[in-house]
Every structure is written in structure tokens, then in C-alpha cells.
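For reference, the structure discussed in these notes is given below.
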Amino acid sequence: MRLSFIKMHGLGNDFVILDGRGAELPRLSEAQIRALADRHRGIGFDQLIVLAPSDAADFAMRIHNADGGEVGACGNASRAVAVLHGKPAQVETAGGLIAVRPGDGQAEVAMGQPRFEWPDIPLAYAMDTRDMPVGWDMLERPGAVNVGNPHVVFFVDNDVADVPLDRLGPEIEHDPMFPDRINVNVAQIVSREAIVLRVWERGAGLTLACGTGACATAAVAYRRGLVDAQVSVTLPGGTLIIRHDEGGGLHMAGPAQESYRGTFDLDDFS
Ligand SMILES: N[C@H](CCC[C@H](N)C(=O)O)C(=O)O
């Protein structure tokens, strides 16, 4: 079966988007998604995004990591889908309802309320998620938060580039403390208005940017009183602006672009 796709990215975090808003698409298996995600034998992406009709919102966005797993949120893809849709919309995701507003080559997303209770992350047992008494090598005493997907956030005093995240990321992602696994964020607080961040993404590995990681890191830092309500978060791929509204809701703003359009034969990836 021949399928059309749109290739997009947000600060280099890249997506293949299958647009099923008008016509029902076949459900891809995890093996097919992994094969499509392969950057040598497939098309290559960090996440596969499948759009579909929704009874609860303007449309639904299903999010699959490169490892094939379906997850609840993807901040950079939310901006990409906003630019693709071309007008403000409510979008249904497995992690809840989000509101997107496109601009010229950029978009804003209202991500909803961060959740900090240990069962909501989830953690395998009760723990203070503000300042967790755990550590892996030089990474210790993180905060945890769910922003539609689960994140653990470590703060370091030195350059985040010095942290061996390629080794520690998978070790932390798969720790039994995190029953649904976890996205791993390593951040340096530059000032009350600026954070530098690197992310090991659950199911995708090191990415150039992670929108929910930027939201999660800003939320954990704000909860600790380390940053103001609005903060810039600079990742290897570029900078996002994260803002807490008066009710504590999270808003993210940043670029998103289309790269190219193409087709593939699903039978080649079965
Ligand atoms: N790896 C994440 C999903 C994608 C998040 C990231 N690409 C973003 O922009 O938020 C997870 O397993 O929850």
C-alpha cells in the first residue's frame, strides 16, 4: 500500500507525519515503525506522527517513538502539526488535550498543567518528586514531572556537554524506578531567564531538541524557585520559550518547518 507523508522538524527533532484527518489510514505495527525510522534502510525520524479525526478535538495526533512505542506527548511535533494545519486548533493526544496556534514558521502550544505526584509520573514507589534522593554517577537529586509524558530532570553546574548522556541516558531510561521508562533531561541554569538543556529521549535517544523536555525542565526549575515564569531553553538544535501562566499551565513557543513530502510503499517495511 502506497502512503504519502510530510517530513517536518522542530529545531532538528524530526518527524514523519501521516495525515489521516481526511481518510482512515492503516495501523502500522511497531516493527514497521522501527523499520521506517531507520536512518539507513528507512526514511528516518525521531517520531512518527499519525493525524486522525477526533470526537473530542479538531483532530487527534498519535505519537510513536522511533522504537515503535506509542506515547502521550511530543512538543516539537505539536508545533509542526500546528504549522501544517495552518490555523489554531485543539488537538487530542494520548497525554491529554493541547491547544496549538501557528504563526509564520513557528507555533505556540498550550501544553496544560504539569503533574508532579509520584503516581502521575509514574514512579514505582512513593517519593518526593521535587528533589529525589537518587543518583547515577554525577547526576543526582533530580526532579520528576509528567507533561503528557514522563520526564526526570537533573541540574548540573558544569557544561551539559560534559555529561556522558549517551551512557547514562539509557541506564536511567530503563531503571525499574520508572515503570513506563522516562525521558532524561540534563540542564544548566544560566540565569533566572535562561536554561541550557540536553535530552536523552525515551524510545528515540539523543535528539537535537525535545519540546516536552524543555517544558519539563522549566516546570521543575520553576517549582524549585530557580527561574522566572518565562524562561528560554536552549538545546543543541536551538531555543524554545517556555512560559507558566497564572494558573501554572505551561506554554511553549518556537519554530517548526516542513522539510519535504514523499511517498513510500508500506509493503517494503512489513
Ligand atoms: N520521547 C518522548 C516523545 C517525544 C518527545 C519529544 N520529541 C518532544 O518534542 O517533546 C517520549 O517517549 O515521551
Side-chain angles (χ1 to χ4, degrees), residues 7-17 30 33-34 37 39 44-51 61-84 91 93-96 98 100 106-112 114-115 120-123 144-153 165-166 169-170 172-175 178-187 195 197-220 233-242 250-257 259:
K7 188 77 175 18
M8 298 189 79
H9 73 92
L11 300 180
N13 180 206
D14 67 331
F15 316 105
V16 159
I17 299 176
E30 291 200 5
I33 294 169
R34 284 195 296 274
R39 293 190 185 278
F45 52 74
D46 291 329
Q47 278 85 29
L48 173 74
I49 305 297
V50 182
L51 304 183
M61 172 169 97
R62 300 175 73 102
I63 304 151
H64 303 267
N65 283 319
D67 71 354
E70 184 167 1
V71 294
C74 182
N76 286 319
S78 304
R79 298 196 319 278
V81 163
V83 168
L84 180 67
V91 183
T93 72
I98 60 172
V100 302
Q106 63 90 37
E108 289 187 39
V109 183
M111 300 288 288
R115 291 178 293 152
D120 294 331
I121 305 302
L123 301 183
V145 62
N146 190 301
V147 290
N149 58 354
H151 289 263
V152 65
V153 180
L165 197 48
D166 54 340
I172 297 165
E173 174 191 354
H174 294 275
D175 192 289
F178 307 112
D180 292 353
R181 296 166 29 211
I182 197 100
N183 294 286
V184 184
N185 299 267
V186 175
I195 296 174
L197 176 65
R198 283 178 72 215
V199 185
W200 171 272
E201 284 198 32
R202 175 182 62 171
L206 285 171
T207 59
L208 289 173
C210 180
T212 51
C215 292
T217 299
V220 169
V233 180
T234 298
L235 300 113
T239 297
L240 295 172
I241 302 300
I242 311 298
L250 279 168
H251 301 259
M252 167 188 50
Q257 279 92 22
S259 302

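Start at 1 and go down the list; that is how both ligands and their atoms are numbered.
A heavy-atom separation below 4.0 Å is found between C210 and ligand 1. Contact analysis puts N65 in contact with ligand 1, with a non-hydrogen atom separation below 4.0 angstrom.
The protein heavy-atom contact nearest to atom 9 (O) of ligand 1 is G211 N, 2.8 Å. At the shortest separation from atom 5 (C) of ligand 1 among protein heavy atoms lies E201 OE1, 3.4 Å. Of all protein heavy atoms, the one closest to atom 10 (O) of ligand 1 is T212 OG1, 2.6 Å.
Residue contacts with ligand 1, taken as heavy atom pairs separated by less than 4.0 Å, involve N183 solely via side-chain atoms from C-beta onward. In Q47, the part holding a heavy atom less than 4.0 Å from any atom of ligand 1 is the side chain. Heavy atoms from both the backbone and the side chain of N76 come within less than 4.0 Å of ligand 1.
Separating the SG atom in C215 from the CG atom in N185 is a distance of 10.5 Å, to the nearest 0.5 Å. Rounded to the nearest 0.5 angstrom, I121 CD1 and I182 CD1 are separated by 6.5 Å. L165 CG to R198 CZ: the interatomic distance, rounded to the nearest 0.5 Å, is 5.0 Å. In this structure, the separation between CD1 on I17 and CE on M8 is 5.0 Å, given to the nearest 0.5 Å.
Contact annotation: the side chain of R202 approaches that of N183 to within less than 4.5 Å [non-hydrogen atoms, C-beta and beyond].
A donor-acceptor pair under 3.5 Å is formed between the side chain of D46 and the backbone N or O of D14. Looking only at distances, a side-chain donor or acceptor of E173 sits under 3.5 Å from a matching main-chain atom of G203.
Among the atoms of A73, none of the N or O lies under 3.5 angstrom from an N or O of ligand 1.
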